[in-house]
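What follows is one structure encoded as structure tokens, with my remarks underneath.
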Amino acid sequence: MAVVAALAVQGLWYGPLFGRARLAEVGPGGLGLRTAPWRTLAITAGLLLVSATMMGHMFARVGTATLGVKPWLYFMMSGGLAISFVIPGLWIGYTQQRTSTRLAMIDAGCVLLCYLAMGTIFWLLGGH
């Protein structure tokens with residue numbers, strides 16, 4: 001369910017919210033056009049599943065008792081993963097590729113919201 005929530009966020013983010021802005025940055029060819037969108041979706045879902053699995057493991061290690069009295073940990077930890085690990089890793093690669101700051105910010109916003117969406121699902125399923 002966490003993966004589905006992240007995919008929904010990503011669909012909105014790269015669709016009606018920032019789809020045109022992202023396309024303007026990457027251009028009409030190359031990265032802007034996918035010849036196999038279902039393959040891209042499958043790869044994205046698989047990679048999100050890896051992240052969601054690790055996030056679930058992290059929450060399990062903290063424990064339901066702690067999370068029950070400190071529910072903000074779901075958001076602090078999921079957002080913290082995005083802000084402290086995933087986004088800097090993304091930006092390191094972007095720096096080497098000379099990707100525009102605008103595109104890096106668009107993608108970072110998506111990553112953060114996807115991770116927060118996954119944290120929200122774990123919170124909802126955790127019996128808050």
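With sequence neighbours left out, F85 forms a ring pair (Phe, Tyr, Trp, His ring centres under 6.0 Å) with no residue at all.
Between atom CG of residue L112 and atom CG of residue D107 there is a gap of 12.5 Å, rounded to the nearest 0.5 Å. Summarising the geometry, atom CZ belonging to F18 is positioned 11.5 Å from atom CG belonging to L12; distances are rounded to the nearest 0.5 Å. Rounded to the nearest 0.5 angstrom, L49 CG and L7 CG are separated by 10.0 Å. Note that the CZ atom of R22 and the OG atom of S100 stand 10.0 Å from one another [nearest 0.5 Å]. Distance check: Y115 OH to L48 CG gives 7.0 Å after rounding to the nearest 0.5 Å. The distance from atom CD of E25 to atom OG1 of T101, rounded to the nearest 0.5 Å, is 9.0 Å.
Taking every heavy atom of both residues into account, V3 and A45 meet most closely at CG1-O, 3.8 Å. In terms of heavy atoms, A2 sits closest to I121 at N-CG2, 3.7 Å. Closest approach of V111 and A82 over heavy atoms only: CG1-CB, 4.0 Å. When all heavy atoms are compared, the tightest approach of I87 to A108 is CD1-O, 3.5 Å. Among all heavy-atom pairs drawn from G119 and M55, the shortest one is N-SD, 3.8 Å.
Using a 4.5 Å heavy-atom cutoff, the side chains of M118 and S78 are not in contact.
More than 12 heavy-atom neighbours from other residues, nucleotides or ligands sit within 6.0 angstrom of CE on M76.
Here the side chain of W13 pairs a donor or acceptor atom with the backbone of I106 at under 3.5 angstrom.
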Could you check K70 against V62 for side chain to side chain contact (heavy atoms under 4.5 Å, CB included), going step by step and ending with a plain yes or no? CA-CA 10 Å; K70 298 179 180 181; V62 171; over 6 Å; no

Step-by-step side chain to side chain contact (heavy atoms under 4.5 Å, CB included) determination, M54 to L81: CA-CA 10 Å; M54 190 62 203; L81 282 173; over 6 Å; no

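Hydrophobic cluster membership differs between V9 and L47, with clusters built from Ile, Leu, Val, Met, Phe, Trp and Tyr side chains linked at under 4.5 angstrom. Cluster membership check: W72 shares its hydrophobic cluster with W123, using side-chain heavy-atom separations under 4.5 Å among Ile, Leu, Val, Met, Phe, Trp and Tyr.
Residue pairs that meet the ring-ring contact (aromatic ring centres under 6.0 Å, His included) test with at least one member in residues 36-64, sequence neighbours left out, are F59-Y74, F59-F122.
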